[in-house]
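Below is one structure, written out as structure tokens; comments come after it.
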Amino acid sequence: GNSVTQMEGPVTLSEEAFLTINCTYTATGYPSLFWYVQYPGEGLQLLLKATKADDKGSNKGFEATYRKETTSFHLEKGSVQVSDSAVYFCALTSNSGNTPLVFGKGTRLSVIA
Amino acid sequence: KAGVTQTPRYLIKTRGQQVTLSCSPISGHRSVSWYQQTPGQGLQFLFEYFSETQRNKGNFPGRFSGRQFSNSRSEMNVSTLELGDSALYLCASSQSQTGTGELFFGEGSRLTVL
């Protein structure tokens, strides 16, 4: 079945550091890939998405590229801010039919000033 | 436009009791999905409803059930509560059936079972 594996957290970075959160997936067919973010005390929000191989999703300075050859969708940001502190979830859904969104276990990011 | 609203936000129950959680989706959204979030297991899919019909169901025991009303509002019920049911229950809505992946989440209902 479909599954998503994320790097274990927590990740602690200083402000303006470079961020990478690794995400790999297993899926049949050609899935769509997503990053969701959960700020403290809130529900999840869609951060970015990519629906086909080599697509790059981007939003709020975050980027992720859909790499079919390595089945990966790593999240990157060039310069993190304290306000980026949150839990980040990689997720996928299959394009082949009506299947629910499958999430990774999440990676907690703490950015210190 | 109002977001997804979940009630209650917090509740405490004892083992053996039952609980009902409510979710009001964004206006115009016909699909509602429910997820259980725990520190150990992360986000696990419970079920999805679209136009009052259950479209998908996750791997949870029959104690977990749900329904959707004609106005798209949804409820989930957990009967005979166990300690392991303590979790944050998240509801998400979307305009169409799951498959696009663009879900809008509520803030969740945090259930503590004592």
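As the structure is a computational prediction, the values presented were derived from the model and not from experiment. No hydrogens, no waters, no symmetry mates; every other heavy atom, side chains included, goes into these values. Each chain gets a letter, A, B and so on, in the order the sequences are listed, and its residues count up from 1.
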Kindly assign one of parallel, tilted or perpendicular to the pair A:F103 and A:Y36, based on the angle between their ring planes and the thresholds 30° and 60°.
-> perpendicular
Under 4.5 Å heavy-atom distance to chain B, tell me which part of A:Q45 shows up: side chain, backbone, both or neither.
-> neither
Max heavy-atom pairs within cutoff under 4.5 Å with chain A, candidates B:R9, B:E107, B:Q41, goes to B:E107
Proximal component of B:Q37, with respect to chain A [non-hydrogen, under 4.5 Å] | side chain
According to the interplanar angle, ranging from 0 to 90°, do the rings of B:F45 and B:Y35 count as parallel (below 30°), tilted (30 to 60°) or perpendicular (above 60°)?
-> perpendicular
Lys/Arg N to Asp/Glu carboxylate O, B:D85 vs B:R63, below 4.0 Å | yes
Would you call B:E48-B:K57 a salt bridge at under 4.0 Å N-O?
-> no
